[in-house]
Amino acid sequence: MKIYIDGKYYEKNEAKISVFDHGFLYGDGVFEGIRAYSGRIFKLKEHIERLYKSAKAIMLDIKMPPEEMEKKVLEAYKVNKREDAYIRLVISRGAGDLGVNPFLCKIPSLVIIVDEIQLYSKEFYENGISVITSSLRRISPESFDVRIKSLNYLNNSLAKIEAANAGCMEAIMLNQNGFVAECTGDNIFIFSGGVLMTPGTTENVLEGITRNFVLEIAQRYGINSIEKQLTQYDLYTADECFLTGTGAELVPVTKIDGRLIGNGNPGKETKKLIEIFHKEIRKR
Ligand code: PMP
């Protein structure tokens, strides 16, 4: 594995950045998780666009135009000679001193890792996963907008710990108003009465690339879909539920807080959508 750091490639055990980097000290930075399928990077433009928006929101000057960043990601992907891959693109604030002041960090660090990822084993994609609702609320825009895909994941990690302690793979996070936001690393969808539903982007959710792609294919395949506020009641009484993310792709949810979703098996519409998703990503 060749890891790109600030203009050079390093072997995995040689790939290191400064302990004074504010990405390490304070979680100050932004990132993207990107997939490549069959020799092509999926939705690269969309990922780069989100990265630059995240960077802009935190006043991090990437010092490189987006077109050049795209080229760097493509180059790192090529260098690593993988057909299917999971690419982690990280831009941290860079090395500064031990104080929080981001403006003392003069040069951001750019890291590109081309690897693989398997968040859930095959059996979970076939049988579905159990999730809980976390007691922790998703960070609200009063703190920062979680559309910023930042390196600051403690809110998510703590909810994930809660899920693990309850023997679950994921946790649903509500927003500050008690409406469903998303999971710790995935967006959430339900099917209810034949309609596909997901919380809107103003509900404290990351605007997932996979989420948007699912809405795009729903439209193309004539599946009725809507972005709307959802409560726990909506989830418990849904016919079907599934999560989306670059790492997870589409994974069915069959139990939430002890309640079986539908008949407790992955739903028919969900399975159909998963099939379409896999067909579409390989087609591009
Ligand atoms: N929400 C959160 C909190 C995430 O970290 C992610 C990415 N892992 C997602 C949603 C899904 O986003 P995407 O489809 O762009 O990977």
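Indexing begins at 1, ligand by ligand and atom by atom, following the structure's order. No hydrogens, no waters, no symmetry mates; every other heavy atom, side chains included, goes into these values.
- If you number the atoms of ligand 1 from 1 as listed, the ones under 4.0 Å from a heavy atom of Arg50 come out as 15 (O).
- Here the heavy atom of the protein found nearest to atom 12 (O) of ligand 1 is Gly208 CA, 3.4 Å.
- Residue contacts with ligand 1: Thr246 is placed with a nitrogen or oxygen under 3.5 Å of a nitrogen or oxygen of the ligand (distance criterion only).
- The option from Gly185, Gly245, Ser150 that lies nearest to atom 9 (C) of ligand 1, judged by heavy atoms, is Gly185.
- At least one heavy atom of Arg138 sits closer than 4.0 Å to an atom of ligand 1.
- Between the side chain of Ser143 and the backbone N or O of Ile139 there is no donor-acceptor pair closer than 3.5 Å.
- Only the backbone of Asp186 comes within 4.0 Å of ligand 1, judged by heavy-atom distances.
- Thr184 counts as a contact of ligand 1, since one of its heavy atoms falls under 4.0 Å from the ligand.
- Looking at Asn156 against ligand 1, only its side chain comes within 4.0 Å, counting heavy atoms.
- In this structure, the side-chain contact (heavy atoms from CB on, under 4.5 Å) partners of Ile113, at least two apart in sequence or on a different chain, are Met1, Ile3, Arg88, Val111, Asp115.
- Residue contacts with ligand 1, taken as heavy atom pairs separated by less than 4.0 Å, do not involve Glu207 at all.
- A cation-pi geometry, defined here as NZ or CZ lying under 6.0 Å from the six-membered ring centre and within 45° of its normal, holds between Arg259 and Tyr236.
- In this structure, Phe277 has its ring center no closer than 6.0 Å to that of Phe242.
- Distance from atom 7 (C) of ligand 1 to its nearest protein heavy atom, with residue and atom name: Lys149 NZ, 3.3 Å.
- Lys16 NZ: more than 12 foreign heavy atoms inside a 6.0 Å radius.
- Ligand 1 has no nitrogen or oxygen under 3.5 angstrom from a nitrogen or oxygen of Cys183.
- A salt bridge links Glu49 with Lys53: the distance from a Lys NZ or Arg NE/NH1/NH2 to an Asp or Glu carboxylate oxygen falls below 4.0 Å.
- For atom 1 (N) of ligand 1, the nearest non-hydrogen atom of the protein is Glu182 OE1, 2.6 Å.
- Not close to ligand 1: Phe213, with no non-hydrogen atom less than 4.0 angstrom away.
- In terms of protein heavy-atom proximity, atom 5 (O) of ligand 1 is nearest to Tyr153 OH, 2.4 Å.
- Here ring-ring contact (aromatic ring centres under 6.0 Å, His included) pairs that include residues 43-73, with residues two or more places apart or in two chains, number zero.
- Comparing Ile209, Val205, Thr210 by heavy-atom distance to atom 15 (O) of ligand 1, the nearest is Ile209.
- Under 3.5 Å, the side chains of Thr201 and Glu207 contain no donor-acceptor pair of N or O atoms.
- Contact annotation: the side chain of Val253 approaches that of Leu243 to within less than 4.5 Å [non-hydrogen atoms, C-beta and beyond].
- Only the side chain of Leu206 comes within contact range of ligand 1, with a heavy atom under 4.0 Å; no backbone atom does.
- Thr244 and Asp186 form no side-chain donor-acceptor contact under 3.5 Å, judged by distance and modelled atom types alone.
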